[in-house]
Protein chains: 2
Amino acid sequence: MATDDLPETVRASKAPAIARAAAVLRLLGKRGTAMGVQAIARELDMVPSTCLYVLRALVIEELVAFDPDTKRYALDAGVLTLARHWLRRDKFHDLAQPVLDRLSGEYGLTTLAVKLMGLGHIIVVAMSQSSQSFQLSTQVGSRFPALVSATGRCIAAFGNYSDAELRPRFDVLRWDEPPSWEEWRRQVDQAREEGIAIDAGHYIAGVTVAAAPVWTKSARPSHALVAIGIGSALRGEALPRLKHALRDSARSLSDQLSG
Amino acid sequence: MATDDLPETVRASKAPAIARAAAVLRLLGKRGTAMGVQAIARELDMVPSTCLYVLRALVIEELVAFDPDTKRYALDAGVLTLARHWLRRDKFHDLAQPVLDRLSGEYGLTTLAVKLMGLGHIIVVAMSQSSQSFQLSTQVGSRFPALVSATGRCIAAFGNYSDAELRPRFDVLRWDEPPSWEEWRRQVDQAREEGIAIDAGHYIAGVTVAAAPVWTKSARPSHALVAIGIGSALRGEALPRLKHALRDSARSLSDQLSG
DNA sequence: GAGAGTCATTCAATATATTGAATATTGTTC
DNA sequence: GAACAATATTCAATATATTGAATGACTCTC
């Protein structure tokens, strides 16, 4: 989920405490600073006493740290352990990392491997940056809206979504230089033909982004490889070569993951 | 917690669903492989239907991924996002990283920053390895028993725990070359005098580990800096110098964190 | 290709987590 | 330093999550 205000999420579920707990964790993550029971409860529309019990349970599980002096709650290191476990067994992460390193080194840019989480958002699961490229800094675990930038065109091109599903999501995106809906649709079509999507300075001015889909077995792509280059780095000859390399790498990964 | 079989954890709490959810997450993390409802329920002594509802809630929160084909559940990338948030605002992590990098480079060894979670265990929150050192590989998020190795002596020396608390924990530790209780107590005393703890090949044969405590404000140290060197790298002159450097760095971090 | 065994899933009854008002505690203002 | 305001926390009543038996779906065996 992403709503963070937990209206139907809680009501529908048979385990609402879990939805509340997750919302608390996300809130504490977003804020960063430690928060009191009341503040958390207000933010999430929870009853303070309920919030307290949720927090206590999370403290026991070491997902939340409690400072007895200030009576404030913050994320605890337990979340790190979970993340490490995830990274250890994710096949895609393992296979993608060396590919990213090679691409980064060869073309002198930043590369990402992302997991596509439907139409909601994507999550960066691996990253590699060339020593020469400026830190177009993104971290593993970062989330971005699904339809933005090159990855967004990739999802739209290969996800078989209807315009009715895409349009409302598209309309709320934030770009440096927003494309019109028609323009974007054309670029999506082109991405479908070429097997790779390009964002030429729309998402971030002066930055070119390329994204190639990776399939595991389902009808829709589950992941994508992304390359990010400062505009000048991908002028002329370089971009076509990169497109080939990225597309081939993505295909190769798809094969390995399906087999 | 850590028991993972959730006996009193669930019963005592006012939000048992959260304890169950955490246990499920840890189990899925430990196993790595995707699991079915029944298998998870059996492992954790849960009713299958309850387990199903817990899993569904976790899937909605994107902490668990569900494969509709195989009907198996596994950790999802959402845990990454939480971890990233934790790393972003943890003051200790931010301050410790450059210190670790400097120490690693200067002495050609692997350094860690760990968070001390009471007498149960410690969690690695930052790491730096010198290019020349062999990968004494440990990852951010790794957990170790609290009392083992140099960190263990550090905790025992500065934590003000009674022998009655320490002994049972000590007796179940696994070492390459286990020290006797008396021997260990002497080493703990020495650590208290010197302000830094050493494990000379006990935990892992041929590997010397040093750990210096970091205080934030409470009576007990909250973190520690750790240096790990292949035996020969810390013979003779090198070890005393490293001890000084590590202790000074830990002191300096303590000051910065308290201020 | 039928049958047994396992698995995921549903459903109504009950044990229980959630609620909000009341109390205790903390921090703040004059 | 006292009184206030805001917060954390407790507690019993109720709305509800948990339970386990029953159903449906699946896979493996002969």
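Quick note on labels: first sequence line is chain A, next is B, and so on, each numbered from 1. Remember, it's a predicted structure, so these values are computed and weren't measured experimentally. Because only heavy atoms are used, hydrogens play no part in the values below, and waters and symmetry mates are left out as well, while side chains stay in.
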Salt bridge A/Arg251-A/Asp255, side-chain N to carboxylate O under 4.0 Å: no
Closest to side chain of B/Pro16, choosing from D/dT19, C/dA17, C/dT19: C/dA17
With sequence neighbours left out, what residues match B/Arg169 under side chain to side chain donor-acceptor pair (under 3.5 Å)? none
Whole angstroms only, please: what is the CE-P distance between B/Met46 and D/dA17? 15 Å
Holding to side chain to side chain donor-acceptor pair (under 3.5 Å), I want the full list of residues that pass it with A/Ser49, two or more places apart in sequence or in another chain. none
Once you round it to whole Å, what is the distance between P of D/dT19 and CG of B/Asp45? 11 Å
Report the end-to-end axis angle of the helix from C/dG1-D/dC30 to C/dC30-D/dG1; each axis comes from five terminal pairs, and the value is rounded to 10°. 50°
Whichever of A/Asp69 and A/Thr50 has its nearest DNA chain C nucleotide further upstream toward 5': A/Thr50
Contacts of type side chain to side chain contact (heavy atoms under 4.5 Å, CB included), residue A/Asp67, not counting sequence neighbours: A/Asp69, A/Thr70, B/Lys217
Sorted by chain and residue number, the salt bridge (charged side-chain N to carboxylate O under 4.0 Å, His left out) partners of B/Arg42 (sequence neighbours excluded) come out as none
Not counting sequence neighbours, which residues clear salt bridge (charged side-chain N to carboxylate O under 4.0 Å, His left out) with A/Glu194? List them please. A/Lys243
Sequence neighbours excluded, the answer for side chain to side chain donor-acceptor pair (under 3.5 Å) partners of A/Thr151 is none
Applying side chain to side chain donor-acceptor pair (under 3.5 Å) to A/Arg192 and not counting sequence neighbours gives A/Asp189
Provide, to the nearest angstrom, the distance between the CD1 atom belonging to B/Ile40 and the C1' atom belonging to C/dT6. 16 Å
Reading nucleotides 5-14 of chain D 5' to 3', which nucleotides get B (base under 4.0 Å from a protein heavy atom), which S (sugar-phosphate only), which -? --SBSBB---
